[in-house]
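See structure below.
Side-chain atoms are counted along with the backbone in the values below, which use heavy atoms only and exclude waters and symmetry mates. No experiment lies behind these values; they were computed from the predicted model shown. A note on names: the letters A, B, ... follow the listed sequences, proteins ahead of strands, and every chain is numbered from 1.
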Protein chains: 2
Amino acid sequence: MTTVDASPLGRKLRAFVALSDVEFAVLSRLHQRRRSFAAGHALLHQGHSQRSAYILASGWACSYKTLPTGTRQIVDFQIPGDILGLRSVLLQASDHFIEALTDIEVSEVLPSELFEAFRETPRLAAAVLWAASRDEAVVVEHMIDIGRRSAEERVAHFLLEMGFRLSLVGLADKTGYPCPLSQFHLADALGLSAVHVNRVLRKLREDGLVTFRRGNVHFDDPGGLIAFADFDTAYLDQERPLLQ
Amino acid sequence: MTTVDASPLGRKLRAFVALSDVEFAVLSRLHQRRRSFAAGHALLHQGHSQRSAYILASGWACSYKTLPTGTRQIVDFQIPGDILGLRSVLLQASDHFIEALTDIEVSEVLPSELFEAFRETPRLAAAVLWAASRDEAVVVEHMIDIGRRSAEERVAHFLLEMGFRLSLVGLADKTGYPCPLSQFHLADALGLSAVHVNRVLRKLREDGLVTFRRGNVHFDDPGGLIAFADFDTAYLDQERPLLQ
DNA sequence: CGTTAGTTTGATGGTCCTCAAGCACTGTGG
DNA sequence: CCACAGTGCTTGAGGACCATCAAACTAACG
């Protein structure tokens, strides 16, 4: 059972359902096939039909789509405890790319194993559906960022969101977190140009709100930043299990 | 069984799993509690904890979030066959609003019924997860629209997407479809101002690509529009059931 | 026939993009 | 030990795209 206890995914799912011993065991089995990938490795190609999903154990990844013009849109970043490629198991073909941003460790899950696990323990299916819903909520908030917030609010909101998500798996505290993203990554995620991201980061730093530098995010004025970005954790919240 | 056969949701889910008689019966049961709402009725309030999900039988709805500045971002439009408020059943509280755009008919589904259905027929859970994944793919494409496409491409892409989705439930053909949206709706969905939407629609009409007027979308040059918008149906596709 | 919601068009300006060039840091090979 | 390249960061100048403000117009409806 320690395997699951130690896994970020187990921790996440337990926030939604109180998992029984049997369900724990089934979840453990999904963690069997451990693999490592180097930074830059593509786990999933747009347009290919896909065999596996992955549970991210350590490192950062990102999912993105590309346009014929060569620009790309990063849809979301994945951190430990997140499931990679769930959608591409269920849909016919992958409609996006997934790439390791750092060296990562994952558990590979075959579609058959996933469906078999659902068949055995429907509550686990509900829990995975919950996790997928939460991911969608993140994507939606991301869309609000791009559609209706100014560049400055957008960057502030995004840095806070990643901080909150990382803190749920013990990878951030209130002062900040290590962050492997370049300004180009931020630009591609937030629908901005890298040049403008740079200017915005400078502004936020000069205003004493947040410092993004040398692979680290430091919240200089957490309260001020939260107020400025209108950051509300409701869409990320998980206070107590919903299903007993 | 005719109930399910006739329901747009049944049609949608059968594209993913070949449903057995038992699964059909469970799905029928979810359609029992039929209700009607008038245009403008709010089915779901941001911040409230939610009791029910709804399966949309007829009419249009939309989900959106609001910002303190008073602006709003429409996340997606729902058409017959779509599930409303699934996320708010699973997450603690609703993080968005859902509103009827036209008079609508829905089947109300209580969370307990949904979980019970999952327990009885895990394949139905997988099918619902598939439907949720597809909805997320739509939201993601929507994000690409806002983040990386010009206003003109964005409007063109959106009109094509709705056409394709509607055609899957028999509410559109290649020449166009009836559409209850105002230019304000388009603006709120696409991250534009209503004034600019108007100018873009005029341009698309003058270029002979598509006409949006008096509650109707008419594709004047479907091929040209698809090319212009770089529209690829991959993310919406459902050619054959994945699970036999 | 007044009211209201939605559409259309014009004028002005701000946000953010693009292009361009210089800087800082890191690792590599001569 | 020092070019040198590569990657990412920084700053400037000019301009495009789209927002905002404002006002007239149309259609529907009581």
Side-chain angles (χ1 to χ4, degrees), chain A residues 38-40 60 62 67 69-74 99 101-102 144-159 178-206 210-218 228, chain B residues 38-40 60 62 67 69-74 99 101-103 145-159 178-206 210-218 228:
Chain A
W60 288 49
C62 77
L67 296 178
T69 55
T71 60
R72 72 168 180 174
Q73 176 70 47
I74 292 180
E99 185 182 304
L101 288 175
T102 66
I144 315 289
D145 272 347
I146 297 174
R148 289 298 175 197
R149 283 191 242 265
S150 71
E152 218 174 327
E153 294 167 330
R154 212 179 293 188
V155 171
H157 193 277
F158 173 79
L159 295 178
C179 172
L181 306 179
S182 72
Q183 296 183 359
F184 285 91
H185 288 125
L186 288 187
D188 283 345
L190 298 175
L192 296 169
S193 69
V195 171
H196 202 59
V197 165
N198 182 275
R199 287 187 229 274
V200 166
L201 288 174
R202 174 162 55 129
K203 182 74 163 50
L204 291 172
R205 187 178 348 115
E206 286 171 358
V210 61
T211 306
F212 179 95
R213 208 182 324 210
R214 270 163 298 145
N216 263 284
V217 174
H218 184 265
F228 174 73
Chain B
W60 288 48
C62 78
L67 295 179
T69 56
T71 60
R72 72 167 178 173
Q73 174 69 48
I74 292 181
E99 185 183 305
L101 289 175
T102 65
D103 293 348
D145 272 348
I146 299 173
R148 292 295 177 199
R149 284 191 242 262
S150 72
E152 219 174 324
E153 292 167 331
R154 214 180 293 189
V155 171
H157 192 276
F158 173 79
L159 294 178
C179 172
L181 305 179
S182 72
Q183 296 182 1
F184 286 91
H185 288 125
L186 288 187
D188 283 345
L190 299 175
L192 297 168
S193 69
V195 171
H196 200 62
V197 165
N198 182 275
R199 287 188 228 275
V200 166
L201 288 173
R202 173 165 53 130
K203 181 75 162 51
L204 290 171
R205 185 177 352 112
E206 287 172 357
V210 62
T211 305
F212 178 96
R213 208 177 329 204
R214 270 164 299 146
N216 263 283
V217 174
H218 184 266
F228 174 73

Problem - Value rounded to 0.5 Å, distance of CG in A:Leu67 from CZ in B:Arg149 - result: 5.5 Å
Handout entry: Interatomic distance where CD belongs to B:Glu206 and P belongs to C:dT7 [whole Å]
Key = 17 Å
Completion exercise
dist A:Arg213:CZ -> A:Arg205:CZ (nearest 0.5 Å) comes out at 4.5 Å
Practice task
Kindly compute the distance separating CD1 (A:Ile144) from NE2 (A:His157), expressed to the nearest 0.5 Å.
Solution key: 9.0 Å
Exercise for the section: Find the distance A:Ile146:CD1 to D:dC18:P and express it as a whole number of Å. Expected result: 15 Å
Problem - A:Leu101 and A:Leu181, any side-chain heavy atoms less than 4.5 Å apart - result: yes
Fill in the blank from the handout: Protein-proximity profile, nucleotides 24-30 of chain D, B/S/- by nucleotide at the 4.0 Å heavy-atom cutoff, equals -------
Practice task
Please check if the side chain of B:Glu153 supplies one atom and the backbone of B:Ser150 the other of a donor-acceptor pair under 3.5 Å.
Solution key: yes
Handout entry: Interatomic distance where CG belongs to B:Leu201 and P belongs to C:dG6 [whole Å]
Key = 15 Å
Problem - CG on A:Leu190 to CD on A:Gln73, rounded to 0.5 Å - result: 8.0 Å
Handout entry: NE2 on A:His196 to CG on A:Leu201, rounded to 0.5 Å
Key = 10.5 Å
Fill in the blank from the handout: Of the candidates D:dC9, C:dG6, D:dT10, the side chain of A:Ser182 sits closest to D:dC9
Problem - Salt bridge flag under 4.0 Å for residues A:Arg154 and A:Asp145 - result: no
Exercise for the section: Give the rounded distance in Å between these two atoms: CG of B:Leu186 and P of C:dT8. Expected result: 12 Å
Problem - Check: A:Arg148 side chain, B:Thr71 main-chain N or O, donor-acceptor pair, under 3.5 Å - result: no
Handout entry: Residue-phosphate contact under 4.0 Å: B:Gln183 side-chain N/O, C:dA5 OP1/OP2
Key = no
Handout entry: Interatomic distance, A:Phe184 CZ vs D:dG6 C1' [rounded to whole Å]
Key = 12 Å
Practice task
For D:dC9, take OP1 and OP2 only and decide whether either is under 4.0 Å from a side-chain N or O of A:Asn198.
Solution key: no
Practice task
Go through the side-chain N and O atoms of B:Ser182 and B:His185 and say whether any donor and acceptor fall under 3.5 Å apart.
Solution key: yes
Could you go over nucleotides 24-27 of chain C and give all protein N or O partners under 3.5 Å, atom names and distances?
none

Fill in the blank from the handout: Taken to the nearest whole Å, CG/A:Asp188 to C1'/D:dG8 is 14 Å
Problem - Between CZ on residue B:Phe184 and CD1 on residue B:Ile74, distance to nearest 0.5 Å - result: 12.0 Å
Filtered N/O pairs between nucleotides 11-16 of chain C and protein, under 3.5 Å:
from   : atom 1 : to       : atom 2 : distance (Å)
C:dA11 : N6     : B:Arg199 : NH2    : 3.1
C:dC16 : OP1    : A:Ala151 : N      : 3.1

Practice task
Check whether any side-chain nitrogen or oxygen of A:Arg202 sits under 4.0 Å from OP1 or OP2 of D:dT11, and answer yes or no.
Solution key: yes
Handout entry: d(CZ, B:Arg148; P, D:dC17) in whole Å
Key = 16 Å
